[in-house]
Every structure is written in structure tokens, then in C-alpha cells.
**Student:** 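The structure is given below, and queries will be raised subsequently.
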There are 2 protein chains.
Amino acid sequence: MQVNNKVREMRQARHITQVKMAEELGITRQTINAIEKGRYNPSLELAFRLLAYFDVPFEQLFYIEEE
Amino acid sequence: MQVNNKVREMRQARHITQVKMAEELGITRQTINAIEKGRYNPSLELAFRLLAYFDVPFEQLFYIEEE
DNA sequence: TATTGGTGTAAAGGTACCTTTACACGTGGA
DNA sequence: TCCACGTGTAAAGGTACCTTTACACCAATA
């Protein structure tokens with residue numbers, strides 16, 4: 001069971017850079033990059049902040065890649 | 001910003017013990033207890049497993065307690 | 001009384017998440 | 001060419017998540 005996300009798609013659709021997004025979210029660019037690249041999953045708290053940032057429901061940003 | 005959950009309510013509404021739930025989810029009872037008591041938030045992956053276990057949408061199990 | 005079931009919690013160890021600092025590469029514009 | 005911008009990634013350190021092992025308390029029941 002693998003959690004995937006659409007952070008990169010959402011971000012690019014809004015023409016926002018990783019830098020700008022990191023500043024607005026108050027996290028580091030490295031964290032955004034790692035999440036976009038699937039190196040690790042965000043914490044539940046950061047997940048909530050991402051939902052609010054993109055203003056989308058949970059299911060639209062995170063999904064399961066079955067094994 | 002504080003993430004809260006309704007794991008205990010969901011579990012009790014289904015008359016399931018922490019022990020049984022832990023076994024069925026393949027995690028430890030301590031983890032369930034800690035999440036119910038708010039000692040820490042589940043990882044995103046475990047959050048997904050909890051949603052599937054209770055068969056509820058994200059918003060019904062997790063919510064934000066604003067500061 | 002003794003036992004069982006359900007729950008609360010602590011300590012120690014491993015891994016995941018997130019930070020700071022830093023270096024690197026490609027592209028586009030001055 | 002030079003520089004700025006956007007992105008990728010690594011290393012080290014701190015905290016959060018989750019495990020195993022263990023002990024404890026309370027309520028119900030034999």
C-alpha cells in the first residue's frame with residue numbers, strides 16, 4: 001500500500017513555484033520537493049495545510065497505489 | 001493548528017475493542033490508544049487504513065481544532 | 001477472592017518526517 | 001558571458017510515529 005499525491009499537478013496548474021509555495025506554507029522547499037517526488041508522505045497536519053492551500057478535498061490530493 | 005480524530009467514537013459505535021481493532025489492522029493496541037488519546041497523529045498511510053477500516057470519508061474521521 | 005477483559009501508559013529502539021545548510025544542473029534573459 | 005530562477009538532492013540533526021515488552025488499574029464474573 002503506497003500513498004501518492006497530486007501536489008505537483010496542483011501546484012503547476014496554479015503556476016506556483018516550489019519556493020513561493022514553501023514560503024506561503026511556512027515550510028521548506030525541500031519538504032515540498034520530497035513530497036512531490038514521493039520520497040516521503042506528509043504528516044497528517046501538513047496534509048491538512050496542503051488541502052487548505054489548494055482548497056481541494058482530501059480525495060483530490062491523496063490517493064492509494066495498491067500493491 | 002491541531003489535528004483531531006473520531007477514532008474512538010467510530011470504534012465504540014461499532015462495538016470493537018482496541019485489541020480486536022489492532023489485530024484486524026495489523027498494528028499495535030498502543031498505537032490505537034495513542035491516536036485516540038491524541039498523543040500523536042497517525043501517518044498518512046495509517047490514516048488511509050483507518051478510513052478503509054471504518055469505511056468513512058476523510059472529513060468524517062479527521063478534523064482541525066483551530067488555535 | 002481470584003481471574004479475565006478492556007484500557008492507560010512508560011521505556012527503549014527503529015524508521016519516517018522536517019529542518020538547516022549546502023552544492024549542483026539546466027534554462028532564459030541582460 | 002553572466003546571472004537569476006526553478007528545481008534536484010545530500011548530509012546532519014531534531015522530533016514524531018510505531019514497535020516490543022512490560023506493568024498497572026478498574027469492572028465484571030466465577
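Every chain is numbered from 1, with letters handed out A, B, ... down the list of sequences. Everything numeric here is computed off the predicted structure, so don't read it as measured data.
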**Student:** Could you tell me the separation between the CD atom of A:Gln18 and the CD1 atom of A:Ile32, rounded to the nearest 0.5 Å?
**Tutor:**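 One finds 6.5 Å between CD of A:Gln18 and CD1 of A:Ile32.
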**Student:** Of B:Arg29 and B:Ile32, whose nearest nucleotide on DNA chain D comes first from the 5' end?
**Tutor:**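 Counting from the 5' end, the first nearest nucleotide belongs to B:Ile32.
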**Student:** Could you check whether any side-chain N or O of A:Arg14 sits under 3.5 Å from a backbone N or O of A:Met10, counting only pairs where one atom can act as donor and the other as acceptor?
**Tutor:**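 Indeed, once roles are kept as given, a pair shorter than 3.5 Å links the two residues.
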**Student:** Without swapping roles, check the side chain of B:Arg29 against the backbone of B:Val19 for a donor-acceptor pair under 3.5 Å.
**Tutor:**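 Judged by distance alone, no pair lies under 3.5 Å.
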**Student:** Nearest whole angstrom, please: distance from the C1' of D:dG6 to the CD of A:Glu36.
**Tutor:**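 So the CD-C1' distance, A:Glu36 to D:dG6, works out to 11 Å.
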**Student:** Can you label the angle between the A:Phe58 ring and the B:Phe48 ring as parallel, tilted or perpendicular, going by 30° and 60°?
**Tutor:**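 Geometry flag for B:Phe48 against A:Phe58: tilted rings.
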**Student:** Grab the NE2-P distance between A:His15 and D:dT7 for me, whole Å please.
**Tutor:**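 Nearest whole value for this atom pair: 12 Å.
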**Student:** At 4.0 Å (heavy atoms only), tell me whether B:Thr28 reaches a base, stays on the sugar-phosphate, or touches nothing.
**Tutor:**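 Base contact - B:Thr28 has a heavy atom under 4.0 Å of at least one base atom.
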**Student:** Would you say A:Gln18 reaches D:dG8's phosphate, i.e. side-chain N/O to OP1/OP2 under 4.0 Å?
**Tutor:**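 Yes, such a contact exists.
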**Student:** Under 4.0 angstrom, heavy atoms only, what part of the nucleic acid is A:Thr31 near: base, sugar-phosphate, or nothing?
**Tutor:**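 Touches a base.
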**Student:** Name the first nucleotide and the last nucleotide along DNA chain C (5' to 3') that come under 4.0 Å of a heavy atom in chain A.
**Tutor:**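 Extent of the interface on DNA chain C: C:dC17 to C:dA22.
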**Student:** Looking only at side-chain N and O atoms, does A:Arg8 come under 4.0 Å of OP1 or OP2 in D:dG6?
**Tutor:**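 No.
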**Student:** Both B:Leu44 and B:Thr17 contact DNA chain C. Taking the nearest nucleotide for each, which residue is further toward the 5' end?
**Tutor:**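 The residue whose closest nucleotide sits nearer the 5' end is B:Thr17.
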**Student:** Return whichever of A:Gly26 or B:Ile16 has its heavy-atom-nearest nucleotide of DNA chain C closer to the 5' end.
**Tutor:**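 Looking at DNA chain C, the more 5' nearest nucleotide goes with B:Ile16.
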**Student:** When rounded to the nearest 0.5 angstrom, what distance separates CE in A:Met21 from CZ in A:Phe54?
**Tutor:**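 Output value for this atom pair is 3.5 Å.
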**Student:** Hey, could you give me the CZ/CG distance between B:Phe62 and B:Asn41, rounded to the nearest 0.5 Å?
**Tutor:**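 Spacing of CZ (B:Phe62) from CG (B:Asn41) equals 8.0 Å.
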**Student:** Could one point to a donor on the side chain of A:Arg39 or the base of D:dG8 with an acceptor on the other under 3.5 Å away?
**Tutor:**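 Result: no qualifying N/O pair found.
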